[in-house]
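As structure tokens, the structure follows; a few thoughts come after it.
Computed from a prediction, not measured in an experiment: that's the story for all the values here.
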Amino acid sequence: MNPILDKYTSKQDFSSYEDFMSNYRVNVPDDFNFGYDVIDKWAEIMPEKTAILWVNDKGEEHHITYRAFKNITDQCASFFQEIGIEKGDRVMLILKRRQEWWFSMVALHKIGAVAIPATHMLTEKDIMYRCHMAGISGIVSCGDPLVLGHVQKARRFSPMLRHCISIGPIVPNGFYDFWRGLHEAPPFVRPKRNKVTDNFLLYFTSGTTGEPKMVMHDYSYPLAHIITAKCWHNLRDDSLHLTLADTGWGKAAWGKFYGQMLVGTTVFVYDFEGRFLPKVLLRTLQDYRITSFCAPPTIYRFLIREDIESYDLSSLKWCTTAGEALNPSVFDEFKSKTGITIYEAYGQTETTMVVGSYPWIKPHPGSMGKPNPQYDIDVVDENGNHVGPMEHGELVIRVDKGKPLGLFKSYYRNDEMTEKRITEGMYHTGDVVYYDHEGYMWFVSRIDDVIKTSGYRVGPFEVESALMTHPSVAECAITAAPDEIRGQIVKATVVLTEEYREKASDALVLELQEHVKKETAPYKYPRIIEFVDELPKTISGKIKRVEIRNKEN
């Protein structure tokens with residue numbers, strides 16, 4: 001048994017989904033701190049166990065044991081305290097997949113500061129916006145000259161930004177040297193324990209409309225990810241798990257950190273620069289004998305285009321996906337080529353996993369799975385009334401009996417937005433879904449993306465799924481275009497695969513339209529198809545459908 005999970009969960013292993021729903025409980029202490037109660041505790045129980053296996057594209061490899069992890073994070077916490085970072089301070093981490101991200105995150109948790117993971121793709125303007133909105137007092141940056149340059153420029157216009165730290169090898173004037181600071185830090189003295197309701201982790205959402213919002217979580221957040229690792233990733237203490245995600249996104253917290261370390265799994269980190277190469281990923285999965293893998297659907301689309309059967313993936317037992325809806329065609333092709341089922345899940349920056357596919361249920365291609373027992377979820381119409389099976393409605397989380405474990409505290413410094421999303425006893429996800437007669441949930445679209453054409457409602461995902469089964473389509477986005485007769489009509493914006501790039505024509509448009517009519521209800525076919533080189537996306541890779549729609553208005 002797992003002594004950490006024994007302390008925080010009522011039961012670890014389940015015989016069925018019904019058993020899971022009825023008996024899963026989490027004990028949340030009033031002063032829980034992930035740094036002390038998980039990392040330091042594992043360092044006592046199994047000090048030589050590898051917590052992180054970090055490798056990069058230069059051939060470097062580090063096995064970081066829990067003993068070393070505990071000691072380094074103590075040094076890091078002491079260093080942060082020495083330069084003036086205190087409980088409650090907001091500190092942004094721009095560290096790519098460097099091992100220093102894990103060290104800094106745990107150190108900030110130990111001293112009670114608020115960690116703000118951020119992507120290295122932020123510009124000077126993006127950094128200034130975040131500094132002003134969140135009152136950021138410190139930034140820990142990778143040694144990339146471009147990133148450091150953006151931080152330096154933003155610093156001149158960010159008076160609250162007092163502590164800039166570089167992990168090297170470049171350390172500009174006015175920056176602290178991370179590793180020198182750790183080596184010179186005095187022994188760490190633990191500060192007063194935090195309350196579990198204290199501010200802990202802040203993410204700037206990469207919404208498809210408007211400026212990013214600040215999502216604040218409290219110290220209970222890691223415990224909500226036990227389900228993520230144990231019951232969705234299906235991890236054990238002897239697993240080697242790889243989630244492919246930059247540390248700037250919430251997916252890193254989901255798949256490279258909290259839940260995995262609560263379970264005692266070794267987290268595998270592949271740190272690389274430049275363009276993602278599917279062949280390199282497949283070779284990494286093969287050579288390091290990865291047992292569990294998680295990535296967004298886009299990555300699986302790349303993998304199935306490779307000669308995947310030529311790689312020895314016999315160690316790989318479990319694959320998962322989240323971040324966007326998984327097209328059934330990708331699910332089927334990956335299964336046929338590898339024999340491995342992909343288990344899907346759904347959640348938001350504001351939540352942990354809300355709906356998922358677990359070991360005790362059979363995944364249905366295209367379905368998000370079934371509800372997580374931590375959340376009291378419902379599907380409601382525009383008046384807040386429950387809708388029946390196969391009816392479209394908004395997915396909500398009921399909070400009338402209290403905030404569930406995993407749901408965010410608030411939109412930081414934005415009470416108006418918080419009250420708009422959490423109202424009448426419900427947190428509104430803004431996502432349209434439906435559930436079938438077996439209780440499986442299916443994503444339809446964001447509320448603003450639903451297309452109303454000639455009295456019919458069309459969800460973009462179902463049309464996109466149909467288009468993606470055609471060999472010419474690499475990516476696509478379905479949006480509404482205005483029409484005098486029908487009100488709106490369905491439009492497809494399509495990126496063609498390499499072999500079809502030179503074949504864009506009216507004939508291909510007709511072929512794709514007929515293909516959609518055969519794959520789904522004929523009224524859903526796109527009456528307009530536009531071929532483009534790339535789709536507009538947010539900094540986190542989400543398609544900006546609103547930008548495509550605006551071109552039509």
Side-chain angles (χ1 to χ4, degrees), residues 80 83-98 100-101 104-105 107-109 111-167 172 174-176 178 198-218 221 245-253 257 348-350 408-418 421 537-542 544:
F80 286 166
I83 65 174
I85 295 174
E86 301 175 341
K87 175 180 169 61
D89 284 353
R90 276 78 63 199
V91 179
M92 188 157 66
L93 310 177
I94 312 176
L95 290 170
K96 299 187 178 181
R97 296 176 178 85
R98 304 292 189 264
E100 290 86 352
W101 183 81
S104 297
M105 288 285 284
L108 292 171
H109 298 342
I111 64 178
V114 178
I116 307 176
T119 174
H120 63 280
M121 292 183 282
L122 297 180
T123 64
E124 171 192 351
K125 178 182 175 183
D126 296 324
I127 295 170
M128 285 173 52
Y129 173 81
R130 283 156 175 77
C131 286
H132 294 162
M133 292 300 292
I136 290 170
S137 62
I139 294 178
V140 185
S141 174
C142 62
D144 184 316
L146 183 62
V147 175
L148 290 170
H150 288 318
V151 173
Q152 284 179 301
K153 292 175 183 177
R155 188 181 193 179
R156 292 180 297 179
F157 304 98
S158 306
M160 285 195 67
L161 181 56
R162 303 186 303 276
H163 319 292
C164 289
I165 304 163
S166 171
I167 65 171
F175 279 63
Y176 293 99
F178 180 90
D198 286 347
N199 291 342
F200 171 72
L201 180 68
L202 188 152
Y203 276 106
F204 281 81
T205 62
S206 53
T208 55
T209 60
E211 293 286 2
K213 300 181 291 293
M214 296 181 287
V215 176
M216 182 69 78
H217 287 280
D218 64 27
Y221 178 76
D246 183 273
T247 59
W249 309 127
K251 196 69 173 64
F257 196 20
Q348 297 183 324
T349 307
E350 292 88 342
F408 74 131
K409 286 184 67 174
S410 66
Y411 290 112
Y412 188 55
R413 296 179 171 177
N414 194 338
D415 292 342
E416 182 181 352
M417 177 60 70
T418 304
R421 293 291 291 274
K537 295 180 180 178
T538 67
I539 199 168
S540 63
K542 296 178 183 177
K544 289 185 175 181

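- Distance NE2/His163 to OG/Ser137: 5.0 Å, rounded to 0.5 Å.
- From Ser410, atom OG reaches atom CG of Asp218 across 10.0 Å, with rounding to the nearest 0.5 Å.
- Of the possible polar contacts, one joining the Arg413 side chain to the Met133 backbone as a donor-acceptor pair under 3.5 Å is found.
- Looking at every heavy atom in both residues, Asp89 comes nearest to Gly84 through OD2-O, 3.7 Å.
- Aromatic ring orientation, Tyr221 versus Phe200: tilted (interplanar angle from 30° to 60°).
- Annotation: side chain of Lys409 is in contact with side chain of Asn199 (closest heavy-atom distance under 4.5 Å).
- In this structure, the side chains of Met214 and Arg90 stay at 4.5 Å or more apart for every pair of heavy atoms.
- Counting heavy atoms from C-beta on, the side chains of Met216 and Val114 come closer than 4.5 Å.
- Of all heavy-atom pairs between Ala115 and His109, the closest is CB-CE1, 4.3 Å.
- With sequence neighbours excluded, the residues that form a side chain to side chain contact (heavy atoms under 4.5 Å, CB included) with Gln152 are Pro172, Phe175.
- Within the 3.5 Å criterion, the main-chain N or O of Met128 finds no donor-acceptor partner in the side chain of Ser158.
- Listed by first and then second residue, the side chain to side chain donor-acceptor pair (under 3.5 Å) pairs that reach into residues 120-136 are His120-Asp246, Thr123-Asp126, sequence neighbours excluded.
- Put simply, CG on Leu95 and OG on Ser104 are 5.5 Å apart, with the number rounded to the nearest 0.5 Å.
- His150 NE2 to Asp144 CG: the interatomic distance, rounded to the nearest 0.5 Å, is 8.5 Å.
- Considering all non-hydrogen atoms of both residues, Ile116 and Ala134 come closest at CD1-CB, 4.2 Å.
- Residues Trp249 and Pro117 form no side-chain contact, since every pair of their non-hydrogen atoms from C-beta on lies 4.5 Å or further apart.
- Side-chain atoms of Thr418 come within 3.5 Å of backbone N or O of Tyr411 as a donor-acceptor pair.
- The environment of NZ in Lys87 is crowded: more than 12 heavy-atom neighbours from other residues, nucleotides or ligands sit within 6.0 Å.
- Side chains of Leu93 and Thr247 form no contact here, defined as non-hydrogen atoms less than 4.5 Å apart.
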Check the pair Glu100 / Ile165 against side-chain contact (heavy atoms from CB on, under 4.5 Å), numbers first and verdict last. CA-CA 11 Å; Glu100 290 86 352; Ile165 304 163; over 6 Å; no
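- Between Ile127 and Met92 the shortest side-chain heavy-atom distance falls below 4.5 Å.
- Rounding to the nearest 0.5 Å places OG of Ser166 at 14.0 Å from OH of Tyr176.
- No side-chain heavy atom of Tyr203 sits less than 4.5 Å from a side-chain heavy atom of Phe408.
- Taking the six-membered ring where the residue is Trp, Phe80 and Phe178 present perpendicular rings, their angle passing 60° and hence far from 30°.
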Worked check of side-chain contact (heavy atoms from CB on, under 4.5 Å) between Lys213 and Thr349: CA-CA 10 Å; Lys213 300 181 291 293; Thr349 307; over 6 Å; no
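- Ile167 places a side-chain heavy atom less than 4.5 Å from the side chain of Arg98.
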